[in-house]
Structures are given as C-alpha cells and as structure tokens.
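Here is the structure we will look at.
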Amino acid sequence: MAKLTMVQALNLALRQEMEKDDRVMLLGEDVGVDGGVFRVTDGLIDIFGAERVIDTPLAESGIVGAAIGMAVYGLRPVCEIQFSGFTYFNFHQLESHAARLRHRSQGKYHVPMVLRAPYGGGVRALEHHSESREVYYAHTPGLKMVIPSGPRNSRALMVSAIRDPDPVIFFEPKALYRAFREEVPEEEETLPLGVPVKVREGGDVTLVAYGAMIPLSLDAAEVLKAKHGIEVEVFDLLTLSPLDDTLITESVRKTGHAVVVHEAHRSFGPGAEIMARLMEEAFFYLEAPVKRVTGYDIVYPLFAREKAYMPNAMRIVRAVRETLAS
Amino acid sequence: MAKLTMVQALNLALRQEMEKDDRVMLLGEDVGVDGGVFRVTDGLIDIFGAERVIDTPLAESGIVGAAIGMAVYGLRPVCEIQFSGFTYFNFHQLESHAARLRHRSQGKYHVPMVLRAPYGGGVRALEHHSESREVYYAHTPGLKMVIPSGPRNSRALMVSAIRDPDPVIFFEPKALYRAFREEVPEEEETLPLGVPVKVREGGDVTLVAYGAMIPLSLDAAEVLKAKHGIEVEVFDLLTLSPLDDTLITESVRKTGHAVVVHEAHRSFGPGAEIMARLMEEAFFYLEAPVKRVTGYDIVYPLFAREKAYMPNAMRIVRAVRETLAS
Amino acid sequence: MPKKPLLFTHQLEYLSILDENGNVDQTLEPELPEDFLLKLYRYMLFGRRFDERMLNLQRQGRIGTFPPLTGQEASQLGAAAALKPSDWMAPAFREGLAEIWRGKSMENTILYYAGYDEGGAVEEDRNDLPLAIPVSSQTLHAVGIAMAMKYRQTPDVAMTFFGDGATSEGDFHEALNFAGVFQAPVIFVCQNNQWAISTPLSKQTRSETIAQKAIGYGFPGVQVDGNDILAVYSASAQAIERARSGEGPTLIECLTYRMGLHTTADDPTKYRNNEDVKVWESRDPIRRFQTYLLNKGVLAEEKTQQYEEEIKAEIQGGVERSEKLMNELGAPEDMFAHQYAELSPHLLRQREEMLEQWRLDQKEEKNG
Amino acid sequence: MPKKPLLFTHQLEYLSILDENGNVDQTLEPELPEDFLLKLYRYMLFGRRFDERMLNLQRQGRIGTFPPLTGQEASQLGAAAALKPSDWMAPAFREGLAEIWRGKSMENTILYYAGYDEGGAVEEDRNDLPLAIPVSSQTLHAVGIAMAMKYRQTPDVAMTFFGDGATSEGDFHEALNFAGVFQAPVIFVCQNNQWAISTPLSKQTRSETIAQKAIGYGFPGVQVDGNDILAVYSASAQAIERARSGEGPTLIECLTYRMGLHTTADDPTKYRNNEDVKVWESRDPIRRFQTYLLNKGVLAEEKTQQYEEEIKAEIQGGVERSEKLMNELGAPEDMFAHQYAELSPHLLRQREEMLEQWRLDQKEEKNG
Ligand SMILES: Cc1ncc(C[n+]2csc(CCOP(=O)(O)OP(=O)(O)O)c2C)c(N)n1
Ligand SMILES: Cc1ncc(C[n+]2csc(CCOP(=O)(O)OP(=O)(O)O)c2C)c(N)n1
Ligand SMILES: [Mg+2]
Ligand SMILES: [Mg+2]
C-alpha cells in the first residue's frame, strides 16, 4: 500500500475508474494539460487523451450543462468546478436539471454525474476561495452531497460517487489536500454513500463533524481525554445528503451530550439539521442542549483573519466541556 | 382605508416609494408594459415611464447584475425575478456581489436593492413554479430574507425593504397574492426587518411559521381551541434572515412546546434553524421535542399531487396535538 | 498594419422557398416523397387542432397552464422532421408538435399539463429530453449529448429548440460557445416568434438578426422563413448533414410568430395590437403548405376534410384515454418513485409519513 | 426573396499605431500633451516594477496569491487613462496598474493581497468597483452603472475590464446584450492575453477574434494591438466619446500577452512553451513606447533612470507603510464591521462570541 495525499488518492480513484469504465469522462477548466489547479487530475490526459479529459472554456454552467447531457446519453462525467465558490454560476443547472431529470422523465433518464469542487478555508486563499456552502446542495432534493475527510475515504467515496446512478456533489476539503498521507490500497475500495462512520469510540459526549473538521475533532478528542478524562465519540458524516442520523442518534442516546462542528456559517447551517434530528430522535436522552462550533454568519474574511473565523481544536474542547458542565 | 389584495398592496408600496424617491427603479422581465405576470407592477410604467420601469431582456443574471451596478451608483433598484425558481440563474450575482460589496469595499459601497420573486406552491402552477428555497438566501451572509404573509404586512415590509441600505430578497407567497383582502392604509406604514410578530396569543404551545403558512396556522389554532381547548401562540417570522429568535424563545419558555411550519423541504430547511435556536436558548424549558410540519425532501410534484405535498391546517393540528401528548 | 478592416469568412443567408401564397421557388424546392409531404401536412393540421383542443381543455379547467403553439407548426415540425429517430432532441416548452412527431403520446402531453408527473415520461424509443421550462437551459444539454455522440463516434446529431427570448440568457451563449469549440454535432433552432411573453424582439436584443449571433462562435448561422416548412426543412437537413459529417454546429433562426397567448395565463392585449397578428395570419404556415400541395397535386381537397375528421377522432380518443388514466393514477406515494435510484432510509420514512398524513387528511375531509 | 445574403452594417477594424520597434504611424498618432505621455510612461514603468516587487513579496511569504500583470501595461493603462475621474471602472483582477492610475493606493493593494479585508477599501474620490475575482461577473455591474448614468443624465461612462477567458461566461453575454438593448454608455475592454490559466484562446472560442462577438449585440467591436498604448488609448478615447454622446457601447479587444504566471500559484511550464513567450517579449509595450518617446524627443535617456530610482523609492515606501499598517490592524472584530449597515442582535452576539473565543485561543496558545 502506498502512502498518498488526498490529491493523489483522488487521482488514483479517477484513473482506476477511467481504466475500468470508458463511460467515465473528466471535464472542467484546466483539468487536462494543467492537471487541475490542485493537480487532482494530473497526468490523466496523457493516459486517456483529450477526448476523455476535456479542457473546457471558462463557463461553469456550460460545464455542468454539458455534463448533464453526457450523463443522460449514458456517459459518467466527472466535472471539476475550480472552486466551490464558483458553483453558483451553475446552480440553476444543478437545481433545475441534474437534480430533477430522473423525476421529470419518470425514470427514463438519470444523471450519473459527479461535480467535484475544492471547498473550505484555512489555506490562505484569495477571496471567494474559502467558502463552505454545502447546505445549498444538501437542501436540494435529487442531489447527493458528499465530503471526505482523508486520503483513504476520499478515494473510496469518489469511486462510489462515480458509480452512483444519481448526481453527486463532491466537495473536497482543500485544507486536507496535502495535509497528511494515508495508506491507500491499490485494490478497489468503496464506501457507501449516505452512511456516516464512527471514527472514535467514547461514552461521554458525541461529536459530529465532517471534512477538514475531522482532524480537528480528533485532536480535540485527544486533548479532552488527556487533560480532562472526557471520552468523546466522534462521527464523520461523509455524506450530508441523504443524511442518515441513525448511528448518531444512537450514540447521543448513550452519551446524552452532543457537539456539532462545521466551517459553514452557523445560521441555517448543517449543524441546525443535526440538532433538529437529535431533537426529533433523541430529545428525551439529551442532558444538555447540543452545541455548535461553526463559522460565523459573515462573509468569509480574507486570510489574515481566517484563524479567528475558523473552528479549531481549542474551540471544540471548550464547547464539549461547556456541554458537559451545563 | 382600502381593502386590498397582496398584489394591490405591493403595487401601492412600489408606487408610493417611487413617488417619494426618484432613486427607486423597477426592472425585470415583463414588469413594464405587461405590469408583471402577476400584475404587481401594473400601471407603474404609465406613471413613471420606461426609464424607471424597465422591461429587460430575458436574463436573470443580467437583471441582478445590472441592479447591483445601479445600486452601487446610488439608485434603489427593485428587481423582479419572474418566479423564485429562476433566481438560481442569478445566484452567483447575489452571493458574490450583492451580499459582499459592502464588506469588499469596506463600507464605501453598499447595495440597497430588493429582489422580488413570487415563491411557494398551492396554485396549480407549472413545473419550477412552486418551490420554497428561502434557505439558500437565509444561509447567505450579507443578504436579508423577507417573506410577508398578507396584504398589509407585505406593503409595510416592502417599503422597509426598499429603504433598507442592504440587499433584501423579498419572496412573495404567490398563493396569497389574491387569497384575501385587508385594509391597507393610504398613509405610509413600515415594519422593521428582522423582527417576528406574534399574531396570536396563547399559553399551551408555540407555533412558528411565515408566508402562506400563516393563514393555515391561524386556521389550525382556531380548530385547536374550538375542538381541543388548546391555546396556540402563533409567530409570523416575516424576516428569516437576520433571524431574531428572542420573542419565540420567550414564548417557548412559557409554553414548553413548539411546532414549526414551512413549505420548504424539511432537511436543512428553515425549521431546523428554529429548532437549533430553541435547543440553544430554551432547552431546559422544553417539555417535548419541537415538531416540524414541512414539505418533503423531494422535487415539488406537479400540481395534481401538490395537496399531498403541502402542509395544511389538518397536519398542523395533528402535530400540535402530538407534541402536547408526548 | 494600422487601421485595417478585419475580414470575415462568415456567410449569413436568408432562406425562403414557399411564399405566403404557396408559390414555390423551384430552384430551391427540396425533393421529398409524396407520402412524407402528406405526413408533414397532416401533422401540422394535427398540431393546430390539438392546440385548439388543449386551449379548450384549459378553459374548462381540465388541464392547467398551457403554452399554445399555433402559428409555429412549420418552424418546429420542419426542423424536427429532418431528424432520424436515433438523433436526439432537446426542446423548450413550445415544441409540443415536434415532440408528438418524435413519438410523444397525446396522453402524456395531456397528463403533464393536467399536473401529473407521469406525463413527463419519455416513451421507450424516443431520444428526447423532457420539455424544459427554465429558458435556454436545455441548449447546453443538447451540446453535452452531441459531445457524447462525438466521443462515441455515432453518426447521430442533437437538435435543440429555443425562443428569441432565450437568446438573451447566459446559457445560450455558453452552449453556442461550447458547440463551436468542440465542433459538436448539434443544431440550434431558434423559433423566433417575435415575442418573449410581453417583450418584443426589439427589446430583447439590438442584433438585427438572431442568425448573426453565430458569428461570435465561429460557425454558420442562417435565417429562414419559419412559416415555410420547406425552407425550415431544407435548412435543417443541411445543418444536420453538416453536423453528421463532422463539420460542427449550425444556428438556424426561424422567423415566425406566436399567434396566440404566451400561455393560458397570459393576456396579449396588454402588450400587442391585433394589427400585427393580422399581418401574420396572412402568412399562415399551414395554408400556404396546403396550397403548395394542392397545386402540386399531392393533396386532394377531399383528403383535407378526411384528415380533419380523423384528427378530430384521434384527439378525442387521446383526451378520453388520458382522463381515464388520471382517474386510475393519483396515489400520492408516486411522488417519491423517481427521486433517486434508491430511497434513503430517511426518505422511506418520509414516504410513510406522507401517506399516513394523506390518509388522515382524506378521512377528516370526508368526515367534514 | 429566397436564398439571399444578409447584409451587415457592422464594421470591424484592427488598430495599431506604434509598431514593435516603436515606429509610429503618423496618420493615426493621437495628439497628446507631453506631460501626459510622460505620465503614461512613468506609470507603465511603475506597473512593471511594482509587479516585480509583489512577486518578490509573495515568494518571501509576505503576501498571498497574486496575479502579475507584466506585459499588459499598455492594454490596461491605455484604456483607463482615457477615462475622466468621474467615470467609473469595473476591473477584473489583473488591472492593478489601472487601479493605481485611478487612485488606488499601493498600501491597499498590498494589504489586500496580504489577506487584510481593509485592502478592499476604495479611496474616497475613486469611482471604481473593487477588483472582481468571479470571472466576468463585474461586466454586468458596469452595465448597471452605465444605465444609472443614463437615467441620471450625467455625461459619464463606465468601463469594464475582463480577459479572453471571461468571454466564455454567460455574464459576458448578458452584459453585452443589456448594453446593446439599453444603449448604455459602457466600454468593454477585453485584455486578450491569449491564456485563461492553462487554456489557450483556441480552446476558449472558435471565433477568430473577440471583437467580432460584438456583432451579436448590434454595436461596434474593434481589435487593437494591446501592447501599443497609443492604439489602446485612441480606440478607448473614441469609444468613450461615442458612449458620452449617447451612441452606446463598444467592445475593444486588446491583443496582448500574459508574460508571467497566471497567479503565483501557477506553473506555466505545465502548459506553454517558452518560444511563444520569447516572441511576445519582442513586442514589449514599455520598450516600444520608450523608443517612441525617445525618438519624439519627449523623453531623455537620463529621465528614464531618474524614474526608475523614484519608483523604487516609492515602492519601498509603499511596502513599508503597508507592513506598518498590518501590524496596527488585525483585531478580528473588524470582520463584522461591514456586513450590514447595522448588525442584528444575533450578529452582535456572534461578534462577542468570536472575540471571546479568539482571546481564549490566544491565551491558550501562549500557555502552550
Ligand atoms: C430562466 C427563466 N426565466 C424566466 C422564465 C419565465 N418565462 C417562461 S417563457 C418566457 C418567455 C420565453 O420567450 P422565448 O424564449 O421567446 O420563447 P416563447 O415563449 O416565445 O416560445 C419567460 C420569461 C423561465 N421559464 N425561465
Ligand atoms: C467564475 C469563475 N470561474 C473560475 C475562476 C478561476 N479563475 C480565475 S482566473 C481564471 C482565468 C481567467 O482568464 P481570463 O479571463 O483570460 O483572464 P486572465 O487571467 O488571462 O487575466 C480562472 C479560470 C474564477 N475566478 N471565476
Ligand atoms: Mg419568443
Ligand atoms: Mg486571459
């Protein structure tokens, strides 16, 4: 097994799926010759040619609209939008068509496409390059919204996303692109979409997170155990939509306490839905209100102040301790 | 005082603001000669001319982008997007610019524009004409998201929205456009943005709703009182963002029970945020989990089945009774 | 090399074969089999009568909002009829006749406008996208389909329809630009019916023609008399031929007129005067084609009457069958049937909830 | 009226005044005051040196990602210099020099790229939008501003800049179409630098020129040598004059070249070879303008040296002042300062929370 970064792991997933299935196509701005601005598609044009790894004009609606057409025709396009902050240019194509064609054609057509986009903050990026707006997609019926948290699961989820018969919005936490390496097996590996995983066992409090918040949450869990003897159970959502709360609800019924962590803005954010589900499914087990550690309800600041905006392990530790104290 | 429909009340608000302030401009598809497909801008081109009531080409991003330019230049554009389901075509303009220019220019510029759009279901409309996706806007910092529920408050809120120095997304519940009339005073009337109102007093349970769900909620409250002796306190949010939960939290601290009602899809919907706020602010007063009565997490169906999709007074009555029973 | 004119190789043409009175320009007349000509004529007639009937059903409250196509029969049928079944079509929302030509059933059409999602179903052998309401958005799907055809090296093409108003949308631009860059086998057919709801072409663009918009994308544009089915057919066949042989996309502008309402929710007296409509009445696409066929001896007077009667019966049958279907359909859980290939546990629970609430509603409504 | 060519009144021209060697076409040479010519030259030089310094700062980690403009000095300055202060400008993100010409401070430029929101501030008398990263989106704002100018009957115009890549976006199309329909006093300046990151113009559009895209919108397009500041200035002045006198918009395509990286995060060796860059080096806009000024006797050799020294000191001053500012700034509550005219109670609470968390973080970090 090779130790890969998330970028390499995603590249592996794309390469292997393209080798196995000639329906899989890549398209986007600079995905071909340049290999993508983060190099996720690096080298693939050399293997599969410009017919399958398509450098497109600079037009997000064009990319997604064309991908929808390809998908309906029977291909499996994986399109890259250079940053999640530019997916708003193609929002109408996702909402009006990718998400609806199965229903609109009463099952005759479906849209097995993947829309990849780097998202999230913490990497000293330019304006419009650090947003976390996964709620827009999670609130849109007909789409699936997937966010990996490490090299290995990003590879496995990408394979599943490509094979999924429905449109998948696949947000890649760019802060993790090269943050660490993991063993990623050469052999095929998939992970089911729509199923969170427990990444740490614990009995005192349930921590729910995803994406770049996972390493922070695990760090916080370490600190909480080492310094305060608190056992944290950590869940990685992996799929925001369709959201399956079964495992999380079960955990909270055990711990009686929960904290949700995300970079996204707080109000109407992903945490609200988790809290609503826990309200609905675990209310009588809750010993304290669920807390959220999130980005604030403001425009993401330029990078000099992003540290004050972004959740960090210290904030998570405090929130967990407060929940347990209340 | 004249008894007006919501369409007439909105028309009055626009007319009077245009009379008072020559910075106020209207633009959109068919808003001029045709008076808007719902006739909200009817007759205004005759009074104010084609320079101020502008029939635009068929291009939503064009409309919103041009309105942003006008607003920065010092005008107060009110643009109409023909249906909320077409606002996705201009989503990038809202997210990247309308919502950000104040921050981006560090206060030099601001975007005092209103984006009006009919939204919501229940009127036997075509595909893409019945959605309730207010969360997209409520989750976007820099925007305000306003939804009236009757002729009188629609007029007062529209006046406030036009005068507001920041961009306001103003969704008009089309099911209420001509559903009933109310006395609307000729003299100026405003309502503050960002403040919910209590529309019915009651001590047993708190009902939170907005838009076309308000008449249903009031109906349900009547039934609950008449048939079951349950006193319902009903809140009309009016503004979804910025959301002020003070009054609602206070009410729930009193009643210990709450139900949230919206047409929007349930998951990651507006109700989740209300529940999260109640979790944070009123947890120890809650005697039962807050319930939500909402649209389902599916594409809005064509109209033959919309009745089964849409919340109604009967569903609200049941939800309230269940909350009180649990 | 200072101030100098830039040269263009672009050629824009205007094509008309059959004039308003049915006189044909024999140098341009396409050679088409008689039965094909008759089939075209019969479909045009069908289109007109079905439109009238749908309007009627709408006025009786038996269907919902509906966009009539009267006046645009030649424009949409002429283009669609030049396609092979294995080609694909991505219509807007006013191509009901083109869809029926391609195999859409009357029942599905009626069901759709009566508010049944089932009406969106695309028949087994029909390679068409469902109609698209978000203006211009479908043009990109046609491009994607055409790119896929090119990748698969099939000899097929994609054709997409849209209105004059649609040319103002960003998606139209992105579609044409992609098509040009990738030399996709796609034909862009603009039904320029002069109006986008209340907005006349002059307020839609300052471009003298829609056809010339192709210049910005490096491929040919052509303007045709959209009420002349021979011209539309010829221009389309030629564009399809180009696309099939790998020469890339074409933009066809069909000059036509929306004789009726934008949709049944519209009141054109608010924004246009009847004079213009009158002028266009004299350019009716069906009448002139009929004259041509009569002159040519392909059509006999009595055949027209026969067609009218057959069509009337067909439409009556279609309406009856669709209303029967509506009575059979209607279980609301079908709403959940085509959301995803597989419903998540959460959606399965929501479906249960919806059904339970629905049943309770029904019961309460019955009990008053 | 069968198959017939459509006539165009459109005229597309290519304009070049100063050739690569600094030879001027005297029939086209604009008459400009000497001090203005010198000012232009000094700013071009400043632009080049500031670019080099910014690249340097970035490599040292003192600022973040930055898009160099070397090679495009004539193209952006020539256009912006034709504006009056009361005109408006809506730049993309590579018009740093045009912004500085218009009054943007070096400090704000540096602060912005160093990640301080404060750097986005627009100086009191400067009528420019902040730079726009979402490609092409700013073109519509310029149109809206121009429409507002027309409504207010001011004699002003709006100018917007964008790249060749930007012409593929839907917003570009909608902007040009609105501008044409409303005959807005707006000038569209395309800095066609041949590349959009790794995408060459040939993959961006099949159109032979960007200028011809204006044909689809019914107003003039012109192509100019974008490395010839006299040509860019003349074409811009003419377009501005047209706009001011109510004759509507113009599209100007400046043929230029991005000599450096797309941004400091980019590696052009991945996608282009150095031969092309070499060719364009010989077309350098500053060198040829310098030759012209020397030949004309407007500029003396020693003046160049003096400019270089002055500029070096100015830049050094700017860098120092901005770094001083950075040390003074930095309180994170400023994030909340310009979200809305007034903060809602909820946001006020969030600001408190943010500050408290921040202070706790600081304390913990200090204590290890
Ligand atoms: C994106 C979008 N915006 C607005 C509408 C509302 N609308 C429906 S049809 C129409 C006019 C379309 O005009 P045109 O493209 O000329 O087609 P026609 O109706 O003439 O067939 C409008 C504005 C829509 N369906 N989609
Ligand atoms: C809507 C959008 N899509 C993608 C990007 C990422 N991006 C930034 S610059 C750029 C290329 C722009 O090319 P061009 O318009 O030619 O301008 P240039 O960089 O050459 O100045 C891209 C793809 C963006 N900023 N905005
Ligand atoms: Mg039309
Ligand atoms: Mg470029």
Side-chain angles (χ1 to χ4, degrees), chain A residues 22-23 25 27 51-52 54-75 77 89-90 92-93 95-97 99-113 141-144 164-167 193-195 239 241-246 277, chain C residues 88 90 108 117-124 126-134 136-152 154 156 158 160 169-171 173-182 184 186 334-347:
Chain A
D22 75 351
R23 296 174 303 174
M25 320 275 289
L27 68 162
E51 280 67 46
R52 282 183 77 190
I54 306 173
D55 275 320
T56 67
L58 209 178
E60 288 74 16
S61 185
I63 294 165
V64 175
I68 290 169
M70 290 175 167
V72 164
Y73 193 76
L75 302 183
F89 284 72
N90 57 250
H92 58 289
Q93 284 289 345
E95 197 281 338
S96 313
H97 298 293
R100 290 172 183 255
L101 265 166
R102 181 185 287 280
H103 175 70
R104 301 191 65 245
S105 69
Q106 294 286 292
K108 167 107 182 255
Y109 302 126
H110 60 129
V111 185
M113 66 175 271
L143 301 180
K144 298 186 177 180
D164 196 274
D166 288 304
L193 305 188
V195 186
T239 304
S241 172
L243 180 66
D244 188 354
D245 55 67
T246 320
R277 298 279 182 100
Chain C
W88 279 63
N108 278 342
D117 293 296
E118 285 83 352
V122 179
E123 293 74 10
E124 194 51 49
R126 189 160 68 92
N127 290 325
D128 299 345
L129 288 181
L131 65 83
I133 286 180
S136 210
S137 58
Q138 75 282 3
T139 58
L140 279 165
H141 310 155
V143 173
I145 289 169
M147 286 170 74
M149 289 167 167
K150 197 169 171 182
Y151 170 64
R152 285 301 191 203
T154 69
D156 299 323
T160 182
E169 287 281 4
D171 276 5
H173 171 73
E174 299 190 15
L176 269 73
N177 192 46
F178 267 57
V181 167
F182 296 112
V186 55
D334 288 357
M335 272 188 225
F336 285 78
H338 302 292
Q339 299 290 330
Y340 294 95
E342 231 177 292
L343 287 184
S344 66
H346 192 68
L347 275 178

Q: With a 4.5 angstrom heavy-atom cut-off, could you sort out which part of Leu129(C) is near chain A: side chain, backbone, both or neither?
A: both

(Q) At a 4.5 Å cut-off on heavy atoms, which part of Leu101(A) comes close to chain C: side chain, backbone, both, or neither? (A) side chain

Q: Might you point out which heavy atoms bring Gly69(A) and Ile145(C) nearest each other, and give the distance in Å?
A: O-CG1, 3.3 Å

Q: State whether the number of non-hydrogen atoms from other residues, nucleotides or ligands found under 6.0 Å of Glu342(C) atom CD is greater than 12.
A: no

Q. Thr154(C) and Tyr73(A): side-chain contact (heavy atoms from CB on, under 4.5 Å), yes or no, with the steps?
A. CA-CA 12 Å; Thr154(C) 69; Tyr73(A) 193 76; 3.4 Å; yes

Q. Is it the side chain or the backbone of Ser136(C) that comes within 4.5 Å of chain A heavy atoms, both, or neither?
A. neither

Q) Under a 4.5 Å heavy-atom cut-off, does chain C meet the side chain of Pro165(A), its backbone, both or neither? A) side chain

**Q.** Closest-packed option against chain C by number of heavy-atom pairs under 4.5 Å, given Met70(A), Glu51(A), His110(A)
**A.** Met70(A)

Q) With the threshold set at 4.0 Å, does a side-chain nitrogen-carboxylate oxygen contact exist between Asp22(A) and Arg152(C)? A) yes

Q: Can you tell which part of Met149(C) gets under 4.5 Å to a heavy atom of chain A, answering side chain, backbone, both or neither?
A: both

Q: List the atom of Asp166(A), the atom of Ala341(C), and the distance in Å for their closest heavy-atom pair.
A: OD2-N, 2.7 Å

**Q.** Ala59(A) portion near chain C, given a 4.5 angstrom heavy-atom threshold
**A.** both

**Q.** Structural part of Ala175(C) lying under 4.5 Å from a heavy atom of chain A
**A.** neither

Q | Heavy-atom donor-acceptor pair, Gln93(A) side chain to Ser137(C) backbone, under 3.5 Å | A | yes

Q: Against chain A, label Tyr340(C) side chain, backbone, both or neither, depending on which of its atoms sit under 4.5 Å from a heavy atom there.
A: both

Q. Is chain C contacted by the side chain of Leu143(A), its backbone, both, or neither, given a heavy-atom distance below 4.5 Å?
A. backbone

Q: Flag the one option from Arg52(A), Glu60(A), Lys144(A), Arg100(A) with the top tally of heavy-atom pairs under 4.5 Å to chain C.
A: Arg52(A)

Q | Asn127(C) versus chain A, the contacting section by heavy-atom distance below 4.5 Å | A | backbone

Q.
With a 4.5 angstrom heavy-atom cut-off, is it the side chain or the backbone of Leu131(C) that approaches chain A, or both, or neither?
A. both

Q.
Working to the nearest 0.5 angstrom, can you tell me the gap between Ser241(A) OG and His346(C) NE2?
A. 9.0 Å

Q. What pair of heavy atoms forms the shortest contact from Gln339(C) to His103(A), and how long is it?
A. NE2-ND1, 3.7 Å

Q | Flag, side chain of Asp117(C) to backbone of Gln106(A), donor-acceptor distance under 3.5 Å | A | no

Q) Any idea which of Ala142(C), Ser344(C), Pro134(C) has the most non-hydrogen atom pairs under 4.5 angstrom with chain A? A) Pro134(C)

Q. So what's closer than 4.5 Å to chain C heavy atoms on Ser105(A): side chain, backbone, both or neither?
A. both

Q | Residue part contacting chain C, namely of Thr56(A), when any heavy atom lies under 4.5 Å | A | both

Q: Check the angle between the aromatic planes of Tyr109(A) and Trp88(C) and answer parallel, tilted or perpendicular using the 30° and 60° thresholds.
A: tilted

Q. Considering only heavy atoms, which portion of Val181(C) lies under 4.5 Å from any heavy atom of chain A: side chain, backbone, both, or neither?
A. side chain

Q. Any idea which heavy atoms bring Gly62(A) and Leu140(C) closest together, and the distance?
A. CA-CD2, 3.5 Å

Q | Proximity breakdown for Pro345(C) and chain A, heavy-atom pairs closer than 4.5 Å | A | side chain

Q: Sort Ala337(C) into side chain, backbone, both or neither according to what part of it lies under 4.5 angstrom from a heavy atom of chain A.
A: neither

